[in-house]
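Atoms within each ligand, like the ligands themselves, are counted from 1 in listed order. The structure displayed is predicted, hence computed values, not measured ones.
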Amino acid sequence: MSSTPRVLSIQSHVVHGYVGNKSAVFPLQVLGLEVDAINTVQFSTHTGYKDIKGTILQNEDMEELINGLVLNDVDYYTHFLTGYSRSPESLKKIAQIIKNLRVKNPDLVYVCDPVMGDNGKLYVPESILPVYRDDVVPLADILTPNQFEAELLTGLTMKDLDGAVKVIQALHNKGVKTVVLSSTDLGDENNMIAIASNKDCCYQVQIPKVDATFTGTGDLFAALFLAWSYRTKNNLKLTLEQTIATLQAIVKDTYDNARRIQPTGKIPPKLIELRLIQNKQIIEEPKINITATEIKLN
Ligand SMILES: Nc1ncnc2c1ncn2[C@@H]1O[C@H](COP(=O)(O)OP(=O)(O)O)[C@@H](O)[C@H]1O
Ligand SMILES: Cc1ncc(COP(=O)(O)O)c(C=O)c1O
Ligand SMILES: [Mg+2]
Ligand code: NA
């Protein structure tokens, strides 16, 4: 077996811009991972644009693609990555796929971004929640919810770091080895906080807020966290720092570029597509300027 890690990534594809696989595949490849991609949708753009056009991959078609991998004996993966899923049926399919991949490789690392919503608002049908909670999340090695998603999955709310630790613990109790809150509003008005936890330790990092709404950053976060977990041999602190350093640089460069073009007012989606290609060197060698600090558990 070749020593290059192999990722199967099941996510959205957009013709223009960077969400889903368009946001995950390039960084994974740049960081030295082989990536096989299945596109759950093919849309012209992400859904924040005015007109949404494109097609959705049906479950039978996803099954057909997986079947082709199995029949040709190319279904050995070291990592499995999933994001935005639109129906409970497709999520159930994903749970089945993980189990099958683990027959081929019992050490497969499953990275699950349980995309459901943000800031109190769902952007998937509510019927997805029980499937994540009961079927998919218990299979995850690394889970990357934002605050809202972590609260939905546990039925708990977090108002401070103590509350966040309780939510994280509840997710560990479901069997998740590494829980990463990709963003929370537990910081002050200028900072959000990300938290990463495994059985040994728990770290937080403060992220200066940039005054714009980005799309695809959650997908990028999950991909980077996967890649750096692999490259640091599961060094949790360093993985969190490398992931945040990369995102920070990309988000800031993307914002600065948008502001060069449009100095004031609300930035339209097409001006704030993530500048991944332009930041290839940062992806390869992030400069850590915010260090993570340990949250002592009592
Ligand atoms: N407005 C922003 N300012 C600074 N960083 C941001 C901003 N939006 C996203 N990020 C970065 O992207 C990461 C993922 O955030 P987000 O898109 O909120 O994820 P999710 O999809 O899980 O809600 C954050 O950890 C942060 O590093
Ligand atoms: C098609 C599609 N996939 C994925 C996403 C997820 O984006 P994010 O990484 O910001 O959660 C979006 C967001 O609009 C989307 O439209
Ligand atoms: Mg968010
Ligand atoms: Na997330």
Side-chain angles (χ1 to χ4, degrees), residues 11-12 17-20 22-24 27 46-48 81-85 111-124 132 136-137 140 142-153 158 164 167-168 171 176 178-197 203-228 239-259 266-267 269 271-276 279 282-283 286-292:
Q11 301 199 60
S12 324
Y18 297 94
V19 299
K22 279 290 286 294
S23 178
H46 73 66
T47 54
L81 173 62
T82 64
Y84 190 45
S85 226
V111 180
C112 174
D113 187 8
V115 179
M116 287 186 283
D118 207 350
N119 303 310
K121 275 211 301 278
L122 275 174
Y123 35 67
V124 298
Y132 267 124
V136 177
V137 166
I142 299 176
L143 188 73
T144 62
N146 59 35
Q147 174 175 356
F148 178 57
E149 291 156 348
E151 290 177 338
L152 283 172
L153 289 170
M158 56 180 94
V167 169
I168 287 169
L171 290 168
V176 183
T178 303
V179 176
V180 196
L181 304 183
S182 51
S183 59
T184 69
D185 66 9
L186 302 175
D188 54 29
E189 59 186 280
N190 299 318
N191 293 280
M192 37 193 187
I193 291 181
I195 305 175
S197 165
Y203 293 97
Q204 62 160 318
V205 57
Q206 304 258 350
I207 308 164
K209 280 187 206 166
V210 175
D211 183 24
T213 303
F214 298 90
T215 307
T217 39
D219 306 327
L220 178 57
F221 185 103
L224 291 170
F225 203 92
L226 185 164
W228 285 109
T239 298
L240 182 63
E241 289 171 342
Q242 301 278 45
T243 298
I244 295 300
T246 310
L247 269 154
Q248 255 222 304
I250 292 175
V251 154
K252 182 158 188 321
D253 177 60
T254 300
Y255 179 79
D256 290 347
N257 185 257
R259 280 301 179 217
K266 187 173 165 15
I267 303 168
L271 285 190
I272 198 110
E273 288 290 354
L274 296 176
R275 285 171 43 96
L276 294 186
N279 288 286
I282 296 280
I283 296 172
K287 294 180 187 61
I288 297 173
N289 45 30
I290 311 175
T291 54

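For the Na ion (ligand 4), the set of nearby N, O or S atoms under 3.0 Å includes none belonging to N146. Using a cut-off of 3.0 Å, one finds that S182 contributes an N/O/S atom close to the Na ion (ligand 4).
Each of R275, E273, K252 was scored for a side-chain contact (heavy atoms from CB on, under 4.5 Å) with N257, with one residue passing: R275. For the side-chain contact (heavy atoms from CB on, under 4.5 Å) test with L226, the passing option among T243, T239, V111 is V111; the others fail.
Each of the following atoms of ligand 1 lies closer than 4.0 Å to a heavy atom of S182: 19 (O), 20 (P), 22 (O), 24 (C), 25 (O). The atoms of ligand 1 that sit less than 4.0 Å from any heavy atom of F214 are 1 (N), 2 (C), 7 (C), 8 (N). Close contacts between ligand 1 and D118 involve ligand atoms 18 (O), 23 (O) [criterion: under 4.0 Å to a heavy atom].
At least one N/O-N/O distance between S183 and ligand 1 falls below 3.5 Å. Considering both main-chain and side-chain atoms, K209 never comes within under 3.5 Å of ligand 1 through any nitrogen or oxygen pair. The N/O atoms of V210, backbone and side chain alike, include one that comes under 3.5 Å of an N/O atom in ligand 1. The shortest N or O to N or O distance between T144 and ligand 1 is not below 3.5 Å.
Of the protein's non-hydrogen atoms, the one nearest atom 6 (C) of ligand 1 is M192 CE, 3.1 Å. Scanning all protein heavy atoms for the shortest distance to atom 9 (C) of ligand 1 gives T217 OG1, 3.7 Å. The protein heavy-atom contact nearest to atom 23 (O) of ligand 1 is N146 ND2, 2.8 Å. Looking at atom 19 (O) of ligand 1, its nearest protein heavy atom turns out to be G218 CA, 3.6 Å.
Nearest heavy atoms, T291 versus V205: O-CG2, 4.2 Å. Residues G117 and N146 share a closest heavy-atom pair of O-ND2, 2.9 Å. What you find for M116 and E149 is that their closest heavy atoms are N-OE2, 2.9 Å.
Between L274, L247, I290, it is L247 that holds the heavy atom closest to atom 11 (C) of ligand 1.
A donor-acceptor pair shorter than 3.5 Å can be found between the side chains of D113 and T144.
Side-chain contact check for I250 versus L220: some heavy-atom pair is nearer than 4.5 Å. Considering only heavy atoms from C-beta on, E241 stays 4.5 Å or farther from I290 through its side chain. Using a 4.5 Å heavy-atom threshold, the side chains of Y123 and V115 count as touching.
Here A212 has backbone heavy atoms under 4.0 Å from ligand 1, and that is the only part of it that gets that close.
Counted within 6.0 Å of CG on D211, heavy atoms from surrounding residues, nucleotides or ligands total 12 or fewer; the atom is thus considered open.
Both cation-pi conditions hold for K22 and Y18: the charged atom is under 6.0 angstrom from the six-membered ring centre and inside a 45 degree cone around its axis.
Nearest N/O/S atom of D118 relative to the Mg ion (ligand 3): this is OD2.
Distances shorter than 4.0 angstrom do not occur between any heavy atom of G216 and any atom of ligand 1.
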